[in-house]
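Accompanying notes for the structure given below.
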Amino acid sequence: MALRLAQGDGPTSSRWVGGADRAGFSAKRKKKVAEIYQALNSDPTDVAALRRMAISEGGLLTDEIRRKVWPKLLNVNTSDPPPISGKDLRQISKDYQQVLLDVRRSLRRFPPGMPDEQREGLQEELIDIILLILERNPQLHYYQGYHDIVITFLLVVGERLATSLVEKLSTHHLRDFMDPTMDNTRHILNYLMPIIDQVNPELHDFMQSAEVGTIFALSWLITWFGHVLSDFRHVVRLYDFFLACHPLMPIYFAAVIVLYREQEVLDCDCDMASVHHLLSQIPQDLPYETLISRAGDLFVQFPPSELAREAAAQQQAERTAASTFKDFELASAQQRPDMVLRQRFRGLLRPETRTKDVLTKPRTNRFVKLAVMGLTVALGAAALAVVKSALEWAPKFQLQLFP
């Protein structure tokens with residue numbers, strides 16, 4: 001069963017927004033809920049509309065809605081759960097001891113105030129989910145941080161559905177992290193600096209001079225930020241966004257966090273220890289909706305195919321989950337999530353500006369760069385309010401990671 005708390009609808013049931021404009025936002029929320037259920041009840045299900053709802057302001061709003069929409073975004077049949085293994089997986093799994101250690105260290109990932117008995121029961125379910133998925137998919141290799149992702153699904157949708165969703169996620173979006181080596185994970189991390197360089201060359205050059213690398217973002221990437229964010233509402237909001245988008249979207253979101261903290265970084269001593277310490281301590285009060293919108297805009301402006309030459313280990317292309325995402329989409333018979341972002345972004349631009357680069361790569365003074373980033377923020381804010389009701393296929397758009 002999915003986790004149920006005494007008040008509201010699970011661990012993310014707090015108010016969407018509050019304050020003087022609560023009545024207006026309440027009307028906005030009701031309208032969005034109605035649109036989500038309209039998409040769910042259409043025949044066939046309007047998955048493209050659900051993607052737009054997951055990306056737009058507030059995401060999917062409640063755990064009750066997530067239990068209905070997340071399976072649609074991953075094309076999981078909720079009436080066909082994975083069979084229960086007849087084996088004693090705790091006795092035969094080579095990963096059991098490591099999984100057990102990680103799960104025991106996961107106390108802070110559960111809602112504050114949860115009774116010990118309930119939490120311990122969920123931890124047992126967490127172990128069972130992980131071991132079953134690994135047993136059913138021997139090509140997958142457990143990594144530390146995987147349990148952080150599984151916890152999120154367990155708390156939102158319950159053990160049975162979490163097993164199905166995480167199994168699909170593990171064989172697609174997360175597959176690169178579950179290789180025998182970290183080669184593909186390092187390859188994905190190598191997209192971080194080219195994205196930053198496209199928007200803010202000064203920040204990029206400073207970080208390069210400090211030789212900080214990208215290891216500070218490793219836990220962000222492999223846990224979808226579940227390990228580093230203390231507020232569960234922010235975690236599931238990001239999961240709404242990532243599930244509706246391309247597998248590389250988490251690295252774009254990592255980039256916008258660094259870009260958002262530009263001044264803090266530039267005020268650091270230009271050495272690896274100082275910059276790494278700053279960036280590894282992620283703020284908990286980030287403007288998530290603005291950053292989500294900005295990450296979507298950056299993905300449209302600088303798609304992975306344009307950054308591939310600057311990323312390392314291109315020879316791994318045919319083995320990355322991002323490079324096979326088109327196959328996943330076609331198999332799912334769903335419209336491309338990238339097109340939701342692309343159509344949203346284009347809808348914001350006046351015709352005379354559509355042929356120009358909105359996000360440029362200026363090598364001028366910082367005032368120009370800040371003006372460019374200001375434009376990005378403005379576009380992002382508008383994007384949150386404008387979600388188009390229909391999508392068009394773009395034949396020229398290539399979904400594969402590499403050309």
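Just so we're clear, the structure is a prediction, and the values are computed from it rather than from any experiment. For the single chain, residues carry numbers from 1 onward in sequence order.
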Shortest non-hydrogen contact from [X] toward [Y]:
X    : Y    : answer
R261 : Q281 : NH1-O, 3.2 Å
L131 : S93  : CD2-OG, 3.4 Å
F225 : P250 : CE1-O, 3.9 Å
K72  : K68  : CG-O, 3.4 Å
Y288 : P283 : OH-O, 4.1 Å
S219 : V228 : OG-CG1, 3.5 Å

Counting only N and O atoms by type, is there a donor-acceptor contact under 3.5 Å from the side chain of [X] to the main-chain atoms of [Y]?
X    : Y    : result
Y143 : I222 : yes
S280 : H277 : yes
D63  : R66  : no
E264 : L278 : no
E125 : L154 : no
N77  : S79  : yes
R109 : G226 : yes
S42  : P44  : yes
E167 : I129 : no
N137 : L140 : no

Gap between atom [atom2] of [Y] and atom [atom1] of [X] - 0.5 Å precision:
X    : Y    : atom1 : atom2 : value
L189 : F216 : CG    : CZ    : 8.5 Å
I151 : S106 : CD1   : OG    : 4.0 Å
L238 : L229 : CG    : CG    : 6.0 Å
M114 : Q118 : CE    : CD    : 4.0 Å
F253 : L286 : CZ    : CG    : 6.5 Å
D183 : D176 : CG    : CG    : 11.0 Å

Is the shortest side-chain heavy-atom distance between [X] and [Y] below 4.5 Å?
X    : Y    : value
F299 : C245 : no
F177 : I188 : yes
Y37  : I65  : yes
V69  : M53  : no
T78  : S164 : no
L126 : L122 : no
W220 : I251 : no

Hey, are [Y] and [X] close enough side-chain-wise for a donor-acceptor pair under 3.5 Å?
X    : Y    : result
D267 : Q263 : yes
D240 : W70  : yes
Y146 : S170 : yes
N200 : E262 : yes
S56  : K32  : yes

Relative to each other, are the rings of F153 and Y239 parallel, tilted or perpendicular (30° and 60° limits)?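 Rings of F153 and Y239: tilted, as their planes differ by 30° to 60°.
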Steps toward side chain to side chain contact (heavy atoms under 4.5 Å, CB included) verdict (T171, M178): CA-CA 9 Å; T171 56; M178 306 190 77; over 6 Å; no
CD of Q38: more than 12 outside heavy atoms within 6.0 angstrom?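 Open: at most 12 neighbouring heavy atoms sit under 6.0 Å from CD of Q38.
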Should the heavy atoms of other residues, nucleotides or ligands under 6.0 Å from CD of E117 be counted, would the total exceed 12?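 Result for CD/E117: open.
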Please name all residues satisfying salt bridge (charged side-chain N to carboxylate O under 4.0 Å, His left out) with E211, sequence neighbours left out, ordered by chain then number.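 With sequence neighbours excluded, E211 shows a salt bridge (charged side-chain N to carboxylate O under 4.0 Å, His left out) to no residue whatsoever.
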Going by salt bridge (charged side-chain N to carboxylate O under 4.0 Å, His left out), E57 matches just one of K28, R237, R52. Which one?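 That would be K28.
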Any chance you could lay out the salt bridge (charged side-chain N to carboxylate O under 4.0 Å, His left out) test for R105 and D102, step after step, and finish with the verdict? CA-CA 5 Å; R105 290 193 290 256; D102 290 344; 2.6 Å; yes
Could you go step by step and tell me if F110 and Q123 meet the side chain to side chain contact (heavy atoms under 4.5 Å, CB included) rule? CA-CA 9 Å; F110 293 90; Q123 287 178 304; 3.7 Å; yes
Show the numbers, then the answer: is there a side chain to side chain contact (heavy atoms under 4.5 Å, CB included) between L298 and Q198? CA-CA 9 Å; L298 287 179; Q198 291 290 337; over 6 Å; no
With S274, the side chain to side chain contact (heavy atoms under 4.5 Å, CB included) member among V212, D269, V265: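 Exactly one candidate clears the test, D269.
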Do Y191 and Y252 have their ring centres less than 6.0 Å from each other?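 Centroid distance Y191-Y252: not below 6.0 Å, so no.
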Using the side chain to side chain contact (heavy atoms under 4.5 Å, CB included) rule, take L243 and L169 through it: C-alpha gap first, then chi angles, then the decisive distance, then the call. CA-CA 9 Å; L243 287 171; L169 199 71; 3.7 Å; yes
